[in-house]
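Data first, discussion second: the structure below is written as structure tokens.
Remember, predicted model here, so these are calculated numbers, not experimental data. Chain identifiers are assigned alphabetically (A, B, ...) following the order of the sequence lines, protein sequences preceding nucleic acid strands; residue numbering begins at 1 within each chain.
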Protein chains: 4
Amino acid sequence: MLNTAWRRRVGYSEAMTTAADRAAERAEQRRAEIVHAAFKVFTERGYHQAGIADIANELGIGHGTFYRYFANKRDILMHVLADAAERLMSVMAFADPRATDTVAEYRAQVEQICDRLFTLFVEDPEVVRLMFVEALGADPEMTALTLDTYRGLAKGTELYLRNGVEKGFLRADLDTEVTAQALIGVIISCGLSLLTAKDPAAQRERWIQAGTRVMFEGIRSPE
Amino acid sequence: MLNTAWRRRVGYSEAMTTAADRAAERAEQRRAEIVHAAFKVFTERGYHQAGIADIANELGIGHGTFYRYFANKRDILMHVLADAAERLMSVMAFADPRATDTVAEYRAQVEQICDRLFTLFVEDPEVVRLMFVEALGADPEMTALTLDTYRGLAKGTELYLRNGVEKGFLRADLDTEVTAQALIGVIISCGLSLLTAKDPAAQRERWIQAGTRVMFEGIRSPE
Amino acid sequence: MLNTAWRRRVGYSEAMTTAADRAAERAEQRRAEIVHAAFKVFTERGYHQAGIADIANELGIGHGTFYRYFANKRDILMHVLADAAERLMSVMAFADPRATDTVAEYRAQVEQICDRLFTLFVEDPEVVRLMFVEALGADPEMTALTLDTYRGLAKGTELYLRNGVEKGFLRADLDTEVTAQALIGVIISCGLSLLTAKDPAAQRERWIQAGTRVMFEGIRSPE
Amino acid sequence: MLNTAWRRRVGYSEAMTTAADRAAERAEQRRAEIVHAAFKVFTERGYHQAGIADIANELGIGHGTFYRYFANKRDILMHVLADAAERLMSVMAFADPRATDTVAEYRAQVEQICDRLFTLFVEDPEVVRLMFVEALGADPEMTALTLDTYRGLAKGTELYLRNGVEKGFLRADLDTEVTAQALIGVIISCGLSLLTAKDPAAQRERWIQAGTRVMFEGIRSPE
DNA sequence: CATGAATGAGGCTTCATTCAT
DNA sequence: GATGAATGAAGCCTCATTCAT
């Protein structure tokens with residue numbers, strides 16, 4: 001379940017009618033705006049090069065206001081990353097690991113996940129930039145946190161592999177843990193690649209094709 | 001240790017007795033020491049958290065001395081990364097892409113490369129940290145440069161795949177370019193994984209096994 | 001005192017009640033305070049010996065505050081010099097070059113200008129110090145700029161001389177350009193002289209007398 | 001006799017045959033070379049912008065060597081200025097203040113002095129740059145010293161004026177002290193003017209003409 | 001609540017000077 | 001004597017953060 005360190009807990013209550021509630025709603029909206037602006041700024045200039053003033057500027061608010069919503073620069077980074085992670089997760093966690101019973105089914109499932117994932121990469125390259133670049137290098141603690149997140153993604157992926165092994169349509173001796181990490185590596189590489197691709201949409205297709213081929217059949221020629 | 005594998009040996013003539021030569025040699029040694037110290041400091045604290053003073057302190061030299069050998073902080077980063085890249089390359093570029101004629105031969109070759117590569121990852125995790133973490137996130141320009149480097153690694157890897165396709169022991173329709181990038185992703189993921197592994201040496205073996213299995217045979221169960 | 005003569009009055013509308021206006025006014029006042037402090041510091045220690053911290057200290061403000069109002073050390077120098085130049089100009093440019101028709105009138109005009117000018121020199125020796133010492137030697141570019149300023153002063157002085165030549169009360173063959181520069185030289189020399197004079201006020205009178213005598217009649221004894 | 005603060009005392013003994021003497025001679029020569037190089041460097045970049053390394057570089061010597069001949073950067077400045085002052089003095093002190101008995105004779109003398117002086121300005125603008133720019137603004141102490149030097153030059157000039165007053169060919173009520181200072185001002189202005197003149201040689205002539213005309217006859221038209 | 005003026009810790013970099021070789 | 005490697009004081013500047021309005 002990923003790591004919870006940068007998970008936002010946004011508790012909307014269903015009835016939001018009092019003035020205080022409306023204020024809280026507006027505050028929450030403001031927070032979201034700031035996160036959005038920070039997303040853009042961190043992506044464009046990089047976390048360290050970006051300043052609080054840049055974020056405030058982006059929104060046309062005073063930079064003092066920023067501190068009414070976030071404790072400090074690190075805090076907003078955490079929230080931005082939580083947002084990015086959530087977007088990533090919402091795509092990857094869509095399917096049910098135990099829903100497939102045959103290679104064909106699983107393959108279809110993988111293709112679907114990849115399709116959605118790589119679409120995200122093409123449409124929101126900021127997510128890639130944040131998750132695979134800024135989060136990784138912000139500082140040692142951030143690096144550790146990010147590696148934990150990657151491991152979390154791998155754990156999620158592993159569930160699919162284990163399902164396949166248990167149901168017998170994947171190799172019985174598959175090292176599900178390491179293999180899952182390797183697959184995450186492929187995904188990261190795809191994300192980074194699309195970041196600078198001239199025609200990301202076209203590349204996306206190739207990655208889906210090539211990725212699933214290797215994943216399922218390997219590279220070797222059928223004898 | 002660190003300073004031998006990757007140091008540019010400019011080919012001094014065997015007679016190295018003049019004062020100028022000795023001075024040049026000592027200067028080169030100093031540069032290497034500083035690079036080594038920066039390696040450590042950047043790895044431990046991260047590029048942005050690290051200061052020139054930290055590097056100088058590590059060596060017990062005045063921080064003014066640093067500037068006799070490197071123009072500025074960015075300069076030393078470039079040199080450190082060049083070193084890291086060279087170490088990585090020297091391991092990956094060891095084999096001859098066109099030397100193999102069968103899957104078995106190629107697989108042996110891959111296993112050997114992985115063996116050497118993952119050994120580097122285990123023994124010099126700093127290289128991993130520098131190449132896959134710090135280089136990526138230092139600043140936008142560095143990010144671009146690093147992605148270029150990754151692409152270069154992929155291009156190198158592609159040569160092996162193309163050889164296999166041409167010789168017929170790899171699938172004819174293999175998308176060598178994307179597949180090579182995917183393999184680089186696996187390598188990156190392995191590096192990052194070993195970075196925080198409890199028992200990196202043990203993990204190394206699993207990665208070699210699992211990695212080559214997926215790569216050659218895919219994950220699917222033989223029907 | 002200092003801050004009134006030369007301050008650019010941007011013509012605020014009489015109703016200056018909005019917060020924004022008051023803020024702008026305070027900012028302008030702050031800028032003026034900093035310029036004033038810099039005036040003092042540069043005069044006392046010299047431009048190169050003075051530090052931003054000295055200026056901030058002089059005002060009892062944090063040195064970071066300085067940078068909210070001026071881009072850098074060079075910037076404040078430019079502003080200080082602009083102020084000094086403006087004060088100098090406002091004294092010299094007071095009279096109308098074409099207003100005089102006889103030697104006597106012109107001489108009275110010159111005496112008045114000198115009176116005002118040398119009064120400035122006595123009362124605000126900082127202006128002299130800044131314009132004739134610091135500005136000249138700050139750096140090669142500043143030197144060129146300052147020499148240009150001197151030339152501008154000479155150009156202004158030349159207008160008076162040309163008026164006299166045209167009206168016939170000054171020598172027809174007067175080299176107005178060079179003579180004007182020579183007169184500026186006399187003024188500079190006076191300023192520098194008063195800078196270290198024991199009794200500047202007394203010296204001032206002598207300069208006015210001796211200066212105008214030489215200027216109009218030369219040094220030679222009437223035969 | 002100027003002020004002695006930056007006067008070099010170079011005591012050549014007539015017999016210079018022993019090894020020690022030859023060494024001393026070579027040392028003296030080295031000192032002169034360094035002064036010459038510093039002259040150039042200070043002139044080109046300005047005192048503060050110039051570094052000891054620049055001077056050493058100019059000569060192709062190690063910058064440590066510099067300190068074997070001069071105590072510090074300020075020391076070399078003093079020597080350079082002494083050199084410049086000497087050159088200036090040697091031109092101005094050429095004539096005998098008491099040698100003239102008529103206006104015509106004195107005027108000829110002045111023209112000769114100006115001729116030599118302004119020739120120096122044209123041929124060695126570095127002297128001007130050093131004496132009238134760098135010396136003035138190096139630091140407060142230097143400024144004071146330089147103003148003293150100017151006063152010394154004025155004192156020297158005053159001797160000529162006093163001679164004229166005593167002999168009756170200059171106005172009896174001439175304020176010789178201030179007038180002398182004014183004349184120095186004209187000379188300074190001339191020097192600075194020639195520094196940036198497009199055709200210094202041509203300007204030189206105009207300065208001599210215009211300068212002596214004003215000095216002797218004033219600017220007023222003969223009635 | 002919003003603001004932005006004020007702050008100062010912190011970091012980079014320069015360069016005059018020293019001193020061992 | 002000559003050298004230049006080493007040094008660290010000194011100074012500029014940035015920017016995250018605070019807080020009075």
message: Any heavy-atom pair between the side chains of B:Y47 and A:H48 that's under 4.5 Å?
response: no
- prompt: Picking from C:R31, C:H36, C:R30, what satisfies side chain to side chain donor-acceptor pair (under 3.5 Å) with C:E33?
  reply: C:R30
query: Can you tell me if the side-chain N/O atoms of D:R30 get under 4.0 Å from OP1 or OP2 in F:dG1?
result: no
query: Would D:H79 and D:D75 count as a side-chain hydrogen bond (donor to acceptor under 3.5 Å, both in side chains) if you check the C-alpha gap in whole Å, the side-chain angles of each, and the deciding distance to 0.1 Å?
result: CA-CA 6 Å; D:H79 280 82; D:D75 190 28; 3.3 Å; yes
- request: Give A:A56 one of three labels, base, sugar-phosphate or nothing, depending on what nucleic acid heavy atoms sit under 4.0 Å from its own.
  value: nothing
Just how far, in rounded Å, is [atom2] of [N] from [atom1] of [X]?
| X | N | atom1 | atom2 | answer |
| --- | --- | --- | --- | --- |
| D:L77 | E:dA16 | CG | P | 13 Å |
| C:H48 | E:dA16 | NE2 | C1' | 15 Å |
| A:Q49 | F:dA16 | CD | C1' | 15 Å |
| B:R45 | E:dG10 | CZ | C1' | 14 Å |
| A:R26 | E:dA2 | CZ | C1' | 11 Å |

field: C:T143 side chain to C:G137 backbone, donor-acceptor under 3.5 Å
entry: no
field: Secondary structure string for DNA chain F (Watson-Crick or G-U under 3.5 angstrom, | for other-strand pairs)
entry: .||||||||||||||||||||
- request: Applying side chain to side chain contact (heavy atoms under 4.5 Å, CB included) between C:F42 and each of C:L77, C:L81, C:V133, report the one that passes.
  value: C:L77
message: My understanding is that only one of D:I55, D:I52, D:I34 makes a side chain to side chain contact (heavy atoms under 4.5 Å, CB included) with D:F70; could you say which?
response: D:I34
message: If I take atom CG from residue D:N72 and atom OH from residue D:Y67, how far apart are they, to the nearest 0.5 angstrom?
response: 7.0 Å
statement: Among the nucleotides E:dA16, F:dA16, E:dC12, whichever has the atom closest to the side chain of A:I52 is F:dA16
- prompt: In residues 57-74 of chain A, which residues come under 4.0 Å of DNA chain F by heavy atom?
  reply: A:H63, A:Y67, A:N72, A:K73
- prompt: What's the shortest heavy-atom distance between A:Q49 and B:A138, and which atoms?
  reply: NE2-O, 3.4 Å
Option from C:K73, C:K40, C:R45 for which salt bridge (Lys or Arg N to Asp or Glu O under 4.0 Å) with C:D54 holds: C:R45
